[in-house]
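All of these numbers come straight from a predicted model, not from anything done at the bench. Residues take their numbers from the sequence shown, with the count starting at 1.
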Amino acid sequence: MLARWFPAAINTRPSEWSRAAIGMALGTLFSVWLCGQVFGMEVALHLLGPLGASAVLLFAVSSGALAQPWSIIGSYLCAGVVALLVARVLGRTLGGACLAAGMAVVLMCWLRCLHPPAGGLAMTLVLADPASAALGWHELGAVLLGAGALLTCALAYNNATRTRYPKGAAPSPAVILNTPNAARDPEVTAGDLKLALAEMEQFYDVAPNELEQLINTAQIHARRRSIGEVLASRLP
């Protein structure tokens, strides 16, 4: 049981750590600076926490679904609208901040743009500093400007450093017919997946044993589907 508390080994090299760290620092600096030029540095610094958290995802785990462009833009928009509505109706209270975060998560899930830092952003906007609160609905402009600037940095920096971003949907695999050779193919194990992740040399927000479980479960469903198709074809 205690072994579950220990993290899995990282499959990336120190050069990838440095690449992600430099990008995260530069991206956050640029987005906060640009927001400060337009809306004032006090407002921009109030958004520093969520933007910094988003930068970790965009530069360190850019392959994850939570770090794709629609995730950050859509989630920041959801969090901003919900937080400003809650602040106007219920006031800028701790309870209102927590309620806004919960409502933002539901809306993000519905719109398929879940992005964890946006939950913190919703709380930050409800419990805003006087300068940010004075902006009213214009505060949404500061939020989207910061998110847009950070996303622009991620697009430029990741691709310039040979990290494809955004990832996009993976192409559908070719259909493999049932052949004698296919039946003898070895099962994929967590060790094989760990070696594959190490060769790709990028951060992936998933552990090899979780991938193994996912593949095994998918194979079970594929076998059930195959059996169902065979039985259906024999029915009159």
Side-chain angles (χ1 to χ4, degrees), residues 20-62 64-155 157-158 166 203 205:
I22 294 172
M24 180 267 179
L26 293 178
T28 306
L29 177 63
F30 176 75
S31 60
V32 173
W33 173 83
L34 182 61
C35 187
Q37 297 302 307
V38 180
F39 294 94
M41 190 54 65
E42 188 175 359
V43 174
L45 291 177
H46 194 67
L47 301 175
L48 178 62
L51 287 173
S54 295
V56 174
L57 292 175
L58 292 179
F59 292 94
V61 284
S62 59
L66 304 181
Q68 300 310 301
W70 170 238
S71 293
I72 182 171
I73 297 298
S75 67
Y76 271 53
L77 180 61
C78 291
V81 171
V82 170
L84 294 176
L85 283 174
V86 170
R88 173 161 294 193
V89 175
L90 301 179
R92 300 183 180 276
T93 63
L94 177 60
C98 296
L99 177 63
M103 294 173 61
V105 168
V106 173
L107 186 58
M108 286 186 286
C109 291
W110 181 55
L111 295 177
R112 296 183 293 178
C113 57
L114 186 63
H115 186 67
L121 174 67
M123 295 183 178
T124 299
L125 295 178
V126 173
L127 302 176
D129 63 288
S132 299
L135 290 176
W137 283 99
H138 293 289
E139 191 176 6
L140 188 61
V143 169
L144 293 179
L145 177 61
L150 185 62
L151 177 58
T152 301
C153 290
L155 288 168
Y157 181 85
N158 284 336
F203 288 102
D205 190 19

Considering only heavy atoms from C-beta outward, does the side chain of C35 approach that of V143 to under 4.5 Å? no

Taking all heavy atoms of C113 and all of C78, pick out the closest pair and write down the distance. SG-SG, 4.1 Å

Got a second to check how far L84's CG is from H138's NE2, nearest 0.5 Å? 11.5 Å

Provide the closest heavy-atom pair for A83 versus V126 in the form atom of the first, atom of the second, distance. O-CG2, 3.6 Å

Determine, step by step, whether L77 and L140 satisfy the side chain to side chain contact (heavy atoms under 4.5 Å, CB included) criterion, reporting the C-alpha distance in whole Å, the side-chain angles of both residues, the deciding distance to 0.1 Å, and the verdict. CA-CA 8 Å; L77 180 61; L140 188 61; 4.3 Å; yes

Search all heavy atoms of S71 against all heavy atoms of S75 and return the closest pair with its distance. O-OG, 2.5 Å

Atom pair NE2/CG of H46 and L51 - distance to nearest 0.5 Å: 11.5 Å

Specify the closest pair of heavy atoms between R92 and L125, including all atoms of both residues, with the distance to one decimal. NH1-O, 2.7 Å

Side chain of T124, backbone of L47: donor and acceptor closer than 3.5 Å? no

Please report the closest heavy-atom contact between A97 and M123, naming both atoms and the distance. O-CG, 3.5 Å

Ignoring hydrogens and geometry, is there a side-chain-to-backbone donor-acceptor pair from S31 to T28 under 3.5 Å? yes

Scanning both residues in full, the closest heavy-atom pair of A147 with Y76 reads CB-CD2, 3.5 Å

Steps toward side chain to side chain contact (heavy atoms under 4.5 Å, CB included) verdict (L150, F59): CA-CA 10 Å; L150 185 62; F59 292 94; 4.0 Å; yes

Is a side-chain N or O of Q68 found less than 3.5 angstrom from the main chain of L58, in a donor-acceptor match? no

Any C153 side-chain heavy atom under 4.5 Å of L26 side chain: no

Looking at side-chain heavy atoms only, is the closest gap between R88 and W137 below 4.5 Å? yes

Spacing of CG belonging to L66 relative to CD1 belonging to I72, to within rounding of 0.5 Å: 11.5 Å

Between W70 and L111, is there a donor-acceptor pair closer than 3.5 Å when you use the side chain of the first and the backbone of the second? yes

